Q: 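Below is a structure I'd like to ask you about.
Note that the structure is a prediction, hence the values are computed from the model and not measured. Here, residue 1 is the first one in the sequence, and each next residue gets the next number. Whatever order the structure lists ligands and atoms in, that order sets their numbers, starting from 1.
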Amino acid sequence: MSTNNPHQPNPHEPAPHQPSAPEPTSREYVLGTNPVELERLGFQHRLWARAAYELWHRAGIRPGHAALDIGCGPGFASFDLAQIVGPTGRVVGIDESEPYVAFANAQAQHRRLPQARFFVADAAAIATLDHLRPSSFDLAYVRWVLCFVPDPGAVVGAIARCLKPGGKLLIQDYFRYETMCVAPRSEAFERVIAAVAKSWRDHGGDSDIMGRLPRLALDAGLTIDHLDRIDPGPARPGSTMWNWPDTFWKIFLPRLEDLGYITAGEKADFLKAWTDRCADPAAFMHLPPMYELIARKA
Ligand SMILES: C[S@@+](CC[C@H](N)C(=O)[O-])C[C@H]1O[C@@H](n2cnc3c(N)ncnc32)[C@H](O)[C@@H]1O
């Protein structure tokens, strides 16, 4: 595990418009952390920002608060959190990806948000970081991370130790990811979705993670204040939500094929089904169900 000096962001941050997606290394999480994925995360954050803000406000975030963003990626949510907590507050972002952390630190400087600092670390090992003292954070936000980690209980426990009494853990993540489908139904589409979920499981993740999180929060000594499903409704061709997974296919389908989760034929069948639905004004997509949880430290 290495840590990153937040005062010396790497000026050679990843170029945001690189055309191809390089292969993730075996150390990286399953989706990779290349510049194309970085750009996808920015788009994804914009699509889901309203749900994030609603959750933060439900939890009572305010200027002066100290917030943690665990598995922050390139920091898109962290920058918004930093604006909300303002110069009297602070945001600490943690991610295992060095390129993402370098990008986030450079961006924080560029956006004049010195209250946001980013460090490279494994989410399960944050207890060993000097700058994360026990009982020092009002809020911790964790979105689309616990579905990728092999020991989510260790992460929840480590976060719980960092929260002040009354501090809140806020999670947004998937439950029943594999129910994602298109109408008219397509076997080719559903085969690929099943392959996506299997690839996450094979890398230690869990596409059903929200089903385990209330129990893990209780085991970490937290009380559950809020649990709900975030439902943006069905996505129709041409809508922004329809385009959300489109960027994901471009990045992840070639990787699924390279790793042997789908064949070239299955990929082609999927793309044909997708292209047909894109052109069909009667089509719609059932998005992968997203849930949210607020758990409080006594
Ligand atoms: C899908 S991205 C989500 C990023 C961000 N939370 C967001 O909502 O935009 C998942 C992130 O989790 C990070 N990650 C996965 N496993 C991790 C771990 N064990 N420790 C720290 N970061 C991890 C990845 O590097 C990646 O940046």
Q: For ligand 1, does V149 get within less than 4.0 Å through its side chain, its backbone, both, or neither, judged by non-hydrogen atoms?
A: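 The answer is the side chain of V149.
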Q: Can you list the ligand 1 atoms lying under 4.0 Å from a non-hydrogen atom of W144?
A: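 That gives atoms 1 (C), 2 (S), 3 (C), 8 (O), 10 (C) of ligand 1.
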Q: With a 4.0 Å cut-off on heavy atoms, does P150 reach ligand 1?
A: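 It does not; every heavy atom stays at 4.0 Å or beyond.
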Q: Name every donor-acceptor pair, under 3.5 Å, that has one atom in a side chain of residues 212-224 and the other anywhere in the protein, sequence neighbours excluded.
A:
{"residue": "R212", "atom": "NH1", "partner": "D206", "partner atom": "OD2", "Å": "2.7"}
{"residue": "R215", "atom": "NH1", "partner": "D219", "partner atom": "OD1", "Å": "3.1"}

Q: Are any of the N or O atoms of A123 closer than 3.5 Å to those of ligand 1?
A: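 Yes; the residue has a nitrogen or oxygen that sits under 3.5 Å from a nitrogen or oxygen of the ligand.
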Q: Below 3.5 angstrom, do we get any N/O pair linking E96 and ligand 1?
A: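 Checking ligand 1 against E96, an N or O pair does fall under 3.5 Å apart.
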Q: Distance under 4.0 Å to a non-hydrogen atom of D122: what atoms of ligand 1 satisfy this?
A: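 Per the distance check, 18 (C), 19 (N), 20 (N).
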Q: Any heavy atom of A124 sitting closer than 4.0 Å to ligand 1?
A: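 Contact absent.
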Q: Using a 4.0 Å heavy-atom cut-off, say whether C72 meets ligand 1 through its side chain, its backbone, both or neither.
A: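 Backbone only; the side chain of C72 stays clear of ligand 1.
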Q: For residues 283-293, which side-chain N or O atoms pair as donor and acceptor with protein atoms under 3.5 Å away, sequence neighbours left out?
A:
{"residue": "H286", "atom": "NE2", "partner": "T179", "partner atom": "OG1", "Å": "3.4"}
{"residue": "E292", "atom": "OE1", "partner": "Q172", "partner atom": "NE2", "Å": "3.2"}
{"residue": "E292", "atom": "OE2", "partner": "H226", "partner atom": "NE2", "Å": "2.7"}

Q: State, to 0.1 Å, how close P281 and R236 come at their nearest heavy-atom pair, and which atoms those are.
A: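 So the two residues come closest at O-NH2, 3.1 Å.
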Q: Would you say I70 has any N or O atom under 3.5 Å from an N or O of ligand 1, going by distance alone?
A: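 No, no N or O pair falls under 3.5 Å.
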Q: Could you tell me, atom by atom, which parts of ligand 1 come under 4.0 Å of a heavy atom of A121?
A: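 Here the atoms of ligand 1 in question are 20 (N), 21 (C).
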Q: Please step through side-chain contact (heavy atoms from CB on, under 4.5 Å) for the pair K198 and D202, ending with a clear verdict.
A: CA-CA 6 Å; K198 177 161 171 35; D202 289 352; 3.1 Å; yes
Q: Is there a side-chain contact between H65 and F137 (heavy atoms, below 4.5 Å)?
A: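 No. Closest side-chain heavy atoms not under 4.5 Å.
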Q: Please confirm whether Y100 comes under 4.0 Å of ligand 1, counting heavy atoms of the residue only.
A: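 Heavy atoms of Y100 do come under 4.0 Å of ligand 1.
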Q: Hey, does D95 come in under 3.5 Å of ligand 1, counting only N/O atoms on both sides?
A: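 Yes, there is a polar N/O contact under 3.5 Å.
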Q: Are side-chain heavy atoms of W249 and F270 found at a separation under 4.5 Å?
A: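 A side-chain contact exists here, since the closest heavy-atom pair is under 4.5 Å.
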Q: I need the minimum non-hydrogen distance between D95 and G73, along with the two atoms involved.
A: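 Smallest interatomic distance, heavy atoms only, reads OD2-N, 2.7 Å.
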Q: So, regarding R143 and ligand 1 (criterion: nitrogen or oxygen to nitrogen or oxygen, under 3.5 Å), is there a contact or not?
A: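 Yes; at least one N/O pair falls below 3.5 Å.
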Q: Show, in sequence, the C-alpha distance, side-chain angles and deciding distance for F76 and F43, and conclude whether the ring pair (Phe, Tyr, Trp, His ring centres under 6.0 Å) test is met.
A: CA-CA 9 Å; F76 296 110; F43 175 57; over 10 Å; no
Q: Quick one: does NZ or CZ of R255 land under 6.0 Å from the six-membered ring centre of Y261, within 45 degrees of the ring axis?
A: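 Pair R255/Y261 does not count as cation-pi.
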Q: Which is closest to atom 5 (C) of ligand 1 by heavy-atom distance: C147, A154, G71?
A: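 Considering heavy atoms of C147, A154, G71, the nearest to atom 5 (C) of ligand 1 sits in G71.
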